[in-house]
Number of protein chains: 2
Amino acid sequence: MTRQISDSTDPRIPHSVSRTGMLKEGGTRLSSFLTSTQRRLLRNSVLFHDGDPQTSIYEITEGTIKTSKILMDGRRQIIGFLGAGDLVGEPFEEEAQYCAEAVTDVTVLCYPILQLEAAITRSPALARQMMQVVHQASAHQMDHIISLGRKHPAERVASFLVTWHANMSKNSCESRTLSLPMSRIDIADYLGLTQETVCRVLSKFKRQGIIQAKPGREVTIYDLRSLEYMAETVFVN
Amino acid sequence: MTRQISDSTDPRIPHSVSRTGMLKEGGTRLSSFLTSTQRRLLRNSVLFHDGDPQTSIYEITEGTIKTSKILMDGRRQIIGFLGAGDLVGEPFEEEAQYCAEAVTDVTVLCYPILQLEAAITRSPALARQMMQVVHQASAHQMDHIISLGRKHPAERVASFLVTWHANMSKNSCESRTLSLPMSRIDIADYLGLTQETVCRVLSKFKRQGIIQAKPGREVTIYDLRSLEYMAETVFVN
DNA sequence: CGGATTCTTGATCACACTCAAGGAGCGTGG
DNA sequence: CCACGCTCCTTGAGTGTGATCAAGAATCCG
């Protein structure tokens, strides 16, 4: 629960391209419209709980955050994993609709939600941008719904790996080796499976030579095509 | 595929409260910002396919529409059921992200997407309203994700009945009897189940005296409390 | 009234979950 | 630096549940 709030530092951040997430930024950064406060989170700490009053929108500059909802008997569904460039929090909502936790050590920029809402009302450009952000989040959720509703376990894991790989490729240089900073349980709770099933699927992929596991939650993809084939079964037209 | 396009008629429509959907309207209607064309769809006809170029946003004034995506081997996931007051289609998207079909005979108002986008850029009030519409759709999708990822079949069906009942109660007068205009297969494809499982769950609810089935796809709810208990297992805080 | 579709129920099967145990990796402290 | 302990990961065995396959009943619609 240790939270370190740094002084309001330079809101400008390095060249990082936006990624799919709960909220996704279009191209211009919020920092060109608003001032922000930087904040650091330790691994496993909570940015906000489900139901907390929303005071800020957060832009991730480093690290990975997971958003989730919990059922009364403890079942958990992870809604998404967010990384550098993604926004966490919803404008025009008084309460948080989900819980946001740091998967790794994380740095975020905090934008007071009232300022953001005022800026949206003032600036059509920002409004349009935020709409696209919300919309892309919605598109991502739609893919998630299809995975959870109609895909087999191996297809879900393949989809997850392909999507995560695409995210990584956008942010850093293209590489076959990904770091999956979240635990197997997190992946399972994202994919609507158990950690054992996730493990077994990954082991099968290893045996088939599609991927190779490395120490430190890293995975090397040897046959991206196979993963994409298993994942992208969506038919258009 | 018979499509009847009526003359541009009075865009004003009766007092119908908005409902949860792909896009949900806040309170003011689009018709106060834009002109529209009315269009009627026969049951089972397609409003647009997945991947079609998007030319319009549609506001449903009567009937029920389902949105879905299909996997290559025929598996189908229904994303949502939309009714009077809901919007179908996404601004700032060139292509439709899903297929929209009429479950019943449907009447919609068509708003040219370019006009809508221009109006959004012009009017911060409309932009804010559209943001909330998109956001509420996203909130609904989040509930869907939780159902699909972590709820048991009976809980999913209960959630569906409760949500649908709430929608109906908002639109018309409060009543224990709902019409479920969609087929069992549609419900199954929405809930990530098979039609047989949906049937069995409904039969169990009947045996338990929670609901009663009536001819014509109608259902009477005798014990809403039980359904809500099964459905609303979401834990906050 | 007849044909087609949809709905319901039953029997069987496969697969993912549960329960359990061992192993690997990591962090901490001596 | 190594040893220890903890957490996380992996694999196995067995079970339960929802999917599949199949047939009959009800309902819709012409």
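Computed from a predicted model, the values in this text were never measured in an experiment. In what follows, every chain begins at residue 1, and chains take the letters A, B, ... in the order their sequences are listed.
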**OP:** Hey, can you tell me if F160(A) and W164(A) have their rings parallel, tilted or perpendicular (30° and 60° cut-offs)?
**Re:** parallel
Subject >> Contact under 4.0 Å: R217(B) side-chain N or O vs dC28(D) OP1/OP2 >> reply: no
**OP:** Kindly give the heavy-atom pair with the smallest separation between A102(B) and L42(B), and that separation in Å.
**Re:** CB-O, 3.5 Å
Subject >> Donor-acceptor pair, side chain of R39(B) and main chain of V108(B), under 3.5 angstrom >> reply: no
Original post:
Between dC26(C) atom P and N44(A) atom CG, what is the distance in whole Å?
Top reply: 15 Å
**OP:** Output yes when at least one side-chain N/O atom of R43(B) is less than 4.0 Å from OP1 or OP2 of dC29(D), else no.
**Re:** yes
Original post:
Do side-chain atoms of T67(B) reach the backbone of G80(B) as a donor and acceptor pair under 3.5 angstrom?
Top reply: yes
Original post:
Counting only non-hydrogen atoms, which of residues 181-198 of chain B are less than 4.0 Å from DNA chain C?
Top reply: S183(B), R184(B), E196(B)
Original post:
Which of residues 203-216 of chain A have a heavy atom under 4.0 Å from DNA chain C?
Top reply: G216(A)
Original post:
Starting at CZ of R200(A) and ending at P of dG14(D), how long is that distance when rounded to a whole Å?
Top reply: 13 Å
Original post:
Is there a residue in residues 70-78 of chain A whose heavy atoms reach under 4.0 Å of DNA chain D, and which residues are they?
Top reply: none
**OP:** Measure across R207(A) and R200(A) and return the closest heavy-atom pair with its distance rounded to 0.1 Å.
**Re:** NH2-O, 4.4 Å
Subject >> Of C199(A) and R150(A), the one whose closest DNA chain D nucleotide lies more 5' >> reply: C199(A)
Original post:
Is R150(A) reaching over with its side chain to a backbone N or O of R75(B), donor-acceptor style, under 3.5 angstrom?
Top reply: no
Subject >> NZ/NE/NH1/NH2 to OD/OE distance under 4.0 Å, K151(A) and D143(A) >> reply: no
Original post:
At what distance, to the nearest 0.5 angstrom, does CD of E93(A) lie from CD of Q136(B)?
Top reply: 7.5 Å
Original post:
With under 30° as parallel and over 60° as perpendicular, where do the rings of Y58(B) and F48(B) fit, or are they tilted in between?
Top reply: parallel
**OP:** Among V133(A), L82(A), I60(A), find the residue that satisfies the side-chain contact (heavy atoms from CB on, under 4.5 Å) test when tested with L87(A).
**Re:** V133(A)
Original post:
For the pair made of CD in E218(A) and P in dG25(C), what is the distance, rounded to whole Å?
Top reply: 13 Å
Subject >> Identified side-chain hydrogen bond (donor to acceptor under 3.5 Å, both in side chains) counterpart of D189(B) within the set R184(B), R76(B), Q77(B) >> reply: R76(B)
Original post:
Can you tell me how far C1' of dG18(D) sits from NZ of K151(B), to the nearest Å?
Top reply: 18 Å
